[in-house]
Amino acid sequence: MSAPVRVRFAPSPTGNLHVGGARTALFNWLFARHHGGVFVLRIEDTDLERSQAAYTQAILDGLKWLGLDWDEGPEVGGAHGPYFQTQREGLYRAAVERLLAEGKLYHCFCSGETLEAMRKDQAERKVAIKYDGRCRGLPREEVERRIAAGEKFVLRLRCPDGISVEWEDITKGKLTFTSDLLDDLVVVKSDGMPTYNFAVVIDDVGMQITHVIRGEDHISNTPKQILLYRALEAPVPRFAHIPMILGKDRARLSKRHGATSVIEYEKMGFDPEAFRNYLALLGWSPEDHTREILSREQLFAEFSLDRVSSHGAIFDLDKLTWMNAEYLKRFTPEVLLARLRPWLAKIPGFPGGYSDAQLAKMAGLYRERVKTYDEIVANAGWFFSAPQEYDAKGLEKAGKIAGARDLLGRLIGRFEAQAGFEEGPLEALVRGFAEAEGRKFGDVVHLCRLGLSGRTATPGLFEVMAVLGRDESLARLRRFLTVCPA
RNA sequence: GGCCCCAUGGUGUAACCGGCUAACACGCAGCCCUCUCAAGGCUGAGAGCGCGGGUUCGAGUCCCGCUGGGGCUACCA
């Protein structure tokens, strides 16, 4: 038995959950579930300037919306907490003291301006930009004196020269870096907070993370972190760097490409399961790639890091939309109604006098006609309030039907005489009526549709009438009679 | 500038350790169905696998170079 799989998603609360982060979280979650491992959520809030508690909540909400549940982390706790980096200062300090005692760190008093000048010079000389180590050999007395004098300093890790740092990345294969190009990275900032690279390593070690699955933008951080693992004499986890999610121009997805945070997709009316399914297929595919609609159980069963592709993937709203529609089509009317309720509630007049059964039937009528939840809001409003106006094109067409108003009048008479109000008999009635009148069935249908909805496009007329009910249908048609072209 | 990653139709992917007429899906076009709109069914266009060299009987699949794209080069994460 190998050690149990422990993975983590470690966002920093400086914004909402982005689709890139969401996909990273998803892959971690799927990997953990596939292996029966543990999925840890850790909040990296060491950037005091930009971190906000509200964002932490937004990220948790985003993960919950996607249905990604974590086994350890905020709200659920766990044996390896705390799960906020700002609450783990003691752990960092202990590590720092140890490394300092072992001579693996050193104090650096260089100011921002000094460093800037150094980099500018290196840039001009077209040489690798890195800290030149000028504080590396400061005498102990000088260090102590300057600290006592209240000078600001950071702590840097002494990086070995001339060695090659490499690891076998699960998705990228063997990756190699020369330590000569690596900075003596800052481990503790002058405000006393650990830097990202340092905190990550301390926490991944402390939380016994076995696999680090993250975006490939972290590849170049990895050798630095490996050096840190070595300094700490801690086991190095496996790494899997997954490709970025890109905009249509192949640049990393950003606001200018459109919506980037998952909350925006929720607001656009996407179903979380569909969104999650779509995200799973961005950079990964199951062995049988002809199947694309995958339940969470199927994803758990089939997810594997070695089937993650190695190049960036463009986020395709069209395909996401298609997938969303596929999900809607698979829902029963009752399930659809349940998911739709928050959206329906925005419609003036909702729920009118309709029973849940009627509402479910209505949802069912739109199931194959809308691709997102908010489309139904835009299209089904007329169910809840009679039309105040009628589609201009529709009226124009009605005007071309000779004697439309009288025709409609006679049809209303027939409806009034009709005992029940089920779609089958209604259709039979209208077909018979059209034939008797020598009219095209379609003309009669279109006239009714316009009268009932004010629209030229709705679900099937007779199904609509059955849901609206006898009284409402007749009331609407009678009103339409007063404005119907003669 | 330096370092690193990547490269199959418009998009997402597939093609096992080299053997294809390069597959699936989205999107697109046309047709069918039809009371509208959808949905559905059928058909089709669209890549010869970034480019150039190798290796091999044979390469999208291996090697080298180039080009292109992306990422990182912070006391941000």
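The chains referred to below are lettered A, B, ... by the order of the sequence lines, with proteins before strands, and numbering in each begins at 1.
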What nucleotide among B:rC5, B:rG70, B:rC35 has an atom nearest to a side-chain atom of A:I219?
B:rC5
Phosphate OP1/OP2 of B:rU36 contacted by A:K393 side-chain N/O (<4.0 Å)
no
Check whether any side-chain N or O of A:R252 sits under 4.0 Å from OP1 or OP2 of B:rC72, and answer yes or no.
yes
Distance below 4.0 Å between A:S310 side-chain N/O and B:rA7 OP1 or OP2
yes
Can you tell which of B:rU11, B:rC37, B:rC35 lies closest to the side chain of A:F462?
B:rC35
Does the side chain of A:T458 get closer than 4.0 angstrom to OP1 or OP2 of B:rU36 through an N or O atom?
no
The test is salt bridge (Lys or Arg N to Asp or Glu O under 4.0 Å); show your working for A:R330 and A:E326 and say whether it passes.
CA-CA 6 Å; A:R330 284 167 169 73; A:E326 288 300 303; 3.0 Å; yes
Quick one: label A:R214 by what it contacts on the DNA or RNA (base, sugar-phosphate, nothing), any heavy atom closer than 4.0 Å.
nothing
Sugar-phosphate only, base, or nothing, as touched by A:T456 at under 4.0 Å among non-hydrogen atoms:
base
So if I apply the ring-ring contact (aromatic ring centres under 6.0 Å, His included) rule between A:W284 and each of A:F27, A:F303, A:Y278, which one comes out positive?
A:F303
Give a yes/no on whether any side-chain N or O of A:R250 is located under 4.0 angstrom from OP1 or OP2 of B:rC5.
no
So, is A:R455 close to the B:rA38 phosphate, meaning a side-chain N or O under 4.0 Å from OP1 or OP2?
no
Contact class for A:G283 (heavy atom, under 4.0 Å): base, sugar-phosphate, or nothing?
sugar-phosphate
At 4.0 Å (heavy atoms only), tell me whether A:T178 reaches a base, stays on the sugar-phosphate, or touches nothing.
nothing
Base, sugar-phosphate, or nothing: which does A:I314 touch, judged by heavy atoms less than 4.0 Å apart?
sugar-phosphate
Where RNA chain B forms runs of at least three Watson-Crick or G-U pairs (i with j, i+1 with j-1, under 3.5 Å), the stems are B:1-7 with B:67-73, B:10-13 with B:23-26, B:28-32 with B:40-44, B:50-54 with B:62-66
When we call it a touch if two heavy atoms are under 4.0 Å apart, what does A:H241 touch: a base, just sugar-phosphate, or nothing?
nothing
Closest to side chain of A:F177, choosing from B:rA38, B:rA74, B:rC3
B:rC3
When the distance from CG of A:N221 to P of B:rG71 is rounded to whole Å, what number comes out?
15 Å
Salt bridge (Lys or Arg N to Asp or Glu O under 4.0 Å) for A:D161 and A:R136? Distances and angles first, verdict last.
CA-CA 13 Å; A:D161 289 317; A:R136 234 181 183 182; 3.8 Å; yes
When we call it a touch if two heavy atoms are under 4.0 Å apart, what does A:Y278 touch: a base, just sugar-phosphate, or nothing?
nothing
Taking the ring centre of each residue, are A:W70 and A:F39 less than 6.0 Å apart?
no
Under 4.0 Å between a side-chain N/O of A:S220 and OP1 or OP2 of B:rU73, yes or no?
no
Quick one: label A:P243 by what it contacts on the DNA or RNA (base, sugar-phosphate, nothing), any heavy atom closer than 4.0 Å.
nothing
Just to be sure I understand the rule, does A:V186 reach a base, reach only the sugar-phosphate, or reach nothing, if contact means heavy atoms closer than 4.0 Å?
sugar-phosphate
Among B:rG2, B:rG12, B:rU36, the nucleotide that comes nearest once only the side chain of A:R449 is considered
B:rU36
Contact class for A:R42 (heavy atom, under 4.0 Å): base, sugar-phosphate, or nothing?
nothing
Are A:R476 and A:F480 in a cation-pi contact, defined as NZ or CZ under 6.0 Å from the six-membered ring centre and within 45° of the axis?
no
Name the closest nucleotide to the A:H311 side chain, picking from B:rC76, B:rC37, B:rU13.
B:rU13
Counting only side-chain nitrogens and oxygens, does A:R156 get under 4.0 Å of the OP1 or OP2 atom of B:rC75?
yes
Proximity to the side chain of A:R50 - top-ranked nucleotide from B:rA77, B:rC5, B:rG71
B:rA77
Sub-6.0 Å ring centroid separation between A:H257 and A:F315
no
Under the criterion salt bridge (Lys or Arg N to Asp or Glu O under 4.0 Å), which of A:E463, A:E423, A:E422 is the partner of A:K361?
A:E423
Check the orientation of A:F198 and A:Y92. Use parallel for under 30°, tilted for 30 to 60°, and perpendicular for over 60°.
tilted
Look at A:R367 and B:rC37 and indicate whether a side-chain polar atom (N or O) is within less than 4.0 Å of OP1 or OP2.
no
Nucleic acid footprint by protein, nucleotides 17-27 of chain B - heavy-atom cut-off 4.0 Å, B for base, S for sugar-phosphate alone
------BBBS-
Is any side-chain N or O of A:T46 closer than 4.0 Å to OP1 or OP2 of B:rA77?
yes
Taking only side-chain N and O atoms of A:K189, does any of them lie within less than 4.0 angstrom of OP1 or OP2 on B:rC76?
yes
Euclidean distance, atom CE of residue A:M465 to atom C1' of B:rC35 [Å, nearest integer]:
13 Å
